[in-house]
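What follows is one structure encoded as structure tokens, with my remarks underneath.
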4 protein chains.
Amino acid sequence: MSVNKVILVGNLGKDPELRYTASGTAVCNFSIATTESYKDRDGNRQEKTEWHNIVVWRQLAEICGKYLAKGKQIYIEGKLQTRKWEDRDGNPRYTTEIVADQMQMLGRAGDDNSAGPRREPRQEPSMNQSPPQNNYDNVQFNPDDDIPF
Amino acid sequence: MSVNKVILVGNLGKDPELRYTASGTAVCNFSIATTESYKDRDGNRQEKTEWHNIVVWRQLAEICGKYLAKGKQIYIEGKLQTRKWEDRDGNPRYTTEIVADQMQMLGRAGDDNSAGPRREPRQEPSMNQSPPQNNYDNVQFNPDDDIPF
Amino acid sequence: MSVNKVILVGNLGKDPELRYTASGTAVCNFSIATTESYKDRDGNRQEKTEWHNIVVWRQLAEICGKYLAKGKQIYIEGKLQTRKWEDRDGNPRYTTEIVADQMQMLGRAGDDNSAGPRREPRQEPSMNQSPPQNNYDNVQFNPDDDIPF
Amino acid sequence: MSVNKVILVGNLGKDPELRYTASGTAVCNFSIATTESYKDRDGNRQEKTEWHNIVVWRQLAEICGKYLAKGKQIYIEGKLQTRKWEDRDGNPRYTTEIVADQMQMLGRAGDDNSAGPRREPRQEPSMNQSPPQNNYDNVQFNPDDDIPF
DNA sequence: TTTT
DNA sequence: TTTT
């Protein structure tokens, strides 16, 4: 009885990060920027950029890790999810992410947005970054789990 | 060159809060829940509820303040916006909200989702709540501003 | 490299029609109305209703046949598809439908939009209707086919 | 109490056609293709292309007429509308179009999807084409009308 | 053909 | 941190 849907078209700010949970499930993180232009009260054109944290799981994670790169323009469809975590002082903190289940690379073949792997899919060495980076180490997925979030 | 769109169908967790900026612009805040059901690894049906903070401005804010109420099911369309604020220790904190520009009340006349004002639009007494409540007092809008965010 | 998405919230004009292809694949057809209100040049409020033909396949078709009914308000997500057929004079004709892959019943339990089967899922006796009714008799699906359209 | 929304990312099949109603309102028509790939029952990758007729009004029509061209990849957001017309034998016919209110050119500067006017906005000489081309000649709009469809 |  |  509910709908939770996000649709974004934007550009990656950095290369995506592909990782694996302890049980071997692929997860890919990256952020994309959307920019809105508007006129301020003086009639001058201004821009406002919004950054969105994207999480992708399983097969689509592998594809994102393999084909996406900094600067690429993509279409993302997914759902909003707010994740709770604790900062170093044990205080509760919340981070909102888009859990994407569809991704389309935009632009046409021949430009930087063309198909074809950009590089060897690079697995990130570790996950010691401070939040909002998720640490999935303590998540005990089976690789074939139908992960519900 | 970008798209930032959120579509939600969910139910209000509380009555909406209608306020006005110092310059008289109406702003309405409320949160809605979306619930997803899935089967866990034991095959049992589980539910996961997500809460979304909604912000509405100007005329639509007045409508939301007047017609929405706790429990009502609505359709929301808007954009994602992450707002930065400081906690009491001066640390940067971020809250993600949906700035809605379309709202539809769902359900049919005769149920609790019917049309007709639920009450006198209630203006909240103050805005001294802790974040993620936005404090718009220091925002100097003109009422007719084309507020860009 | 493309996106084809339709999102509708509207009411069924009639009970849905559930059928099966020769190979046993369930297909459900119904139409929903969306209504837009606007002001004409005299400032009078006018309404314009749009009718949308919905097609649903397989498991979701069974659900729609079982739970939907005339008047119910639903959320539909799917894709646009234009189907070519021939009228009685052999002229080519085109009908645009929404092939839905997600459906949500709206409203809350207790009203007419509540859950629970409305009746025995009724299979339509035949398909001798004139277009835009699709005649799937000559479609040779295997029940488990991953029907691509 | 309803929602009627279409979201497309696709490529123009031809240059857009910019026209004006008798009262001077700009209207732009073009079609875009979306392509879906799937595997047939033999496991072979197949493609299915869908064509969508787009109608844009007023200021956005001028922009589309000026900047869009055959082959360009765009994002379109709008609503479904089925228009009734009569064929030469006086039989009723129906054409479904997307009335777009948002358009974004995709891809990055430097490729064929770059910004900058492609040519002088070309006004089509006449509108004697057979349907589904709309003939707006008998529509009596005032240029500033808030055209409701 | 629905609904408000 | 992107892009225009």
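Proteins come first, then strands; the chains are lettered A, B, ... in the order of their sequence lines, and each starts at number 1. As a basis for the values below, the full set of heavy atoms in this structure was taken, side chains included, without hydrogen atoms, waters or symmetry mates.
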Sidechain-backbone polar pair: A:N11 side chain, A:G71 backbone, donor-acceptor under 3.5 Å: yes
In whole angstrom, what separates C:E50's CD from E:dT2's C1'? 13 Å
Return the nearest nucleotide to the side chain of A:K14; candidates are E:dT2, F:dT1, F:dT2. F:dT1
Shortest side-chain distance from C:K70, nucleotide among F:dT2, E:dT1, F:dT1: E:dT1
Is any NZ, NE, NH1 or NH2 atom of the basic residue among A:E97 and A:R83 found under 4.0 Å from an Asp or Glu carboxylate oxygen of the other? yes
Between B:K79 and A:E50, does any NZ, NE, NH1 or NH2 come within less than 4.0 Å of an OD or OE carboxylate oxygen? no
Does the ring of C:W51 lie flat against the base of E:dT1, closer than 5.5 Å centre to centre with planes under 30°? yes
Rounded off to whole Å, could you give me the CD-to-P distance for the C:Q46 and E:dT4 pair? 19 Å
Test your reading of the model: is there a side-chain donor-acceptor pair from C:D42 to the backbone of C:N44, 3.5 Å cut-off? no
For C:T49, which contact category applies under a 4.0 Å heavy-atom criterion: base, sugar-phosphate, or nothing? base
d(CD1, A:I54; C1', F:dT2) in whole Å: 13 Å
Does the E:dT1 base have a donor-acceptor partner in the side chain of C:S31 within less than 3.5 Å? yes
In this structure, how many angstroms lie between the P atom of F:dT3 and the NZ atom of A:K48, rounded? 20 Å
For atom NZ of D:K72 and atom P of F:dT4, their distance in whole Å: 13 Å
Between C:R93 and C:D87, does any side-chain N to carboxylate O distance fall below 4.0 Å? yes
Ignoring hydrogens and angles, does a donor from either the side chain of A:T35 or the base of F:dT4 sit under 3.5 Å from an acceptor on the other? no
Between CG of C:L106 and P of E:dT3 the distance, given in whole Å, is 15 Å
Rounded to the nearest angstrom, tell me the gap between atom CE in B:M105 and atom C1' in E:dT3. 14 Å
A:H52 vs A:E47, nearer the 5' end of DNA chain F by closest nucleotide: A:H52
Between F:dT4 atom P and D:Q73 atom CD, what is the distance in whole Å? 14 Å
